[in-house]
Participant: 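I have a structure here, written as C-alpha cells, and I will follow up with some questions on it.
One-based numbering, in listed order, for ligands and for the atoms of each.
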Amino acid sequence: MTKNETLAPLQIELREAMAGWGCPLCRLADRAERNFIDSLSYERVLDIKTRAALQAARGLCAVHSRQWQNLQGGALGVAIVYRVAVLDLLRETEAAMQPSGGFLRRGRTEAGQLARELEPTGPCPVCEIGQGTAQRFAELLLKDIAAPEVQTLLRDCGGLCLPHLRMTLSQPGAGKVSRLLLEAQRAAWQRLIGEVDEFIRKNDYRFHHEALTDQEADSWIRAIDTLVGKS
Ligand SMILES: [Zn+2]
Ligand SMILES: [Zn+2]
C-alpha cells in the first residue's frame, strides 16, 4: 500500500500526523482535545452527560482549564462550569463548619478525610478524549507498522514519545510487531543523539565558530519532547 487511495481515512490521518517532527499520537490526541474544548460551548455544557462529567472532575484539569480559558468565546461556558464547581466546594464543606461536626475541632483525621472528599470523583473529560484517541491510533499503528513507509515516517518524525511508546507496547497484539516499532524508535533516538551531541560540542568555546544546524539548535527541546511528550 503506497497510494493514499487504498488507505482508510484513519490510516491517512495517522500518516499525516507523522509528516512533521514530533510524536504523532501526541499530535492526534492534542487535536482531539482542542476540538472537544472548542465544542464546550454554552449549549454543550448544559448537556446532561457533559455536565455530570465536568461536575465529577470539578471542571477540567489544570492544563485543559487554561486552554479553555484562552479559547476565544469560551468565557460563558467556563463561568457556568466553574460556578457549579465552586458551589460544590461550598456545599461539601458546609457540614465541617457546623458546631457539632466541625473538623477544625476534631483535628487532623477529619481534616485528612475532608481533603479526600474534596478530590474529584471523575477524570478530566478532555484528558479522557485525548487518551482514547491516542489509544485508537496506537492500535492502528501496530497494524500499519509492517508497511515500510510507515516505518520511515515514524523514524523521520522522531518516533513516539516515551509515554505513548509505552502505551503502544502495552496494547494487546503489540508483541508480534514490537521489534519493528522499536527499530524505528531506536533509529530516531540515534539520530536525535547525534544532534544533541553536536549541540553540546558546538557550545564549547573551542567550536563556537561552527554554526549549529536548525536540527541541532532545537535538539535539546526535542529531547524533552521525546521523554515527556509534546506540549
Ligand atoms: Zn506522544
Ligand atoms: Zn485534562
Participant: Are any of the side-chain nitrogens in Arg34 or Asp30 under 4.0 Å away from the carboxylate oxygens of its partner?
Facilitator: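 Asp30 and Arg34: salt-bridged.
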Participant: What angle sits at the Zn ion (ligand 1) between SG of Cys26 and SG of Cys23, to 10°?
Facilitator: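 It comes to 110°.
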Participant: Rounding to 10°, state the angle centred on the Zn ion (ligand 2) that links SG in Cys124 with SG in Cys127.
Facilitator: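 Taking the Zn ion (ligand 2) as the apex, I get 110° for this pair.
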Participant: Using 4.0 Å as the upper bound for N to carboxylate O, is an ion pair formed by Glu92 and Arg58?
Facilitator: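 Looking at Glu92 together with Arg58, the answer is yes, because their closest N to O distance falls below 4.0 Å.
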Participant: Give, rounded to 10 degrees, the angle between SG (Cys161) and ND1 (His164) as seen from the Zn ion (ligand 1).
Facilitator: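 Taking the Zn ion (ligand 1) as the apex, the two atoms subtend 100°.
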Participant: Report the distance from atom SG of Cys161 to atom CD of Gln185, rounding to the nearest 0.5 Å.
Facilitator: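 The distance works out to 9.0 Å.
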Participant: Please test Gln131 against Gln135 for side chain to side chain donor-acceptor pair (under 3.5 Å), starting from the C-alpha separation and ending with a verdict.
Facilitator: CA-CA 6 Å; Gln131 281 155 12; Gln135 172 123 7; over 6 Å; no
Participant: Looking at His64, which of its N, O or S atoms is the nearest one to the Zn ion (ligand 2)?
Facilitator: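 Closest to the Zn ion (ligand 2) among those atoms: ND1.
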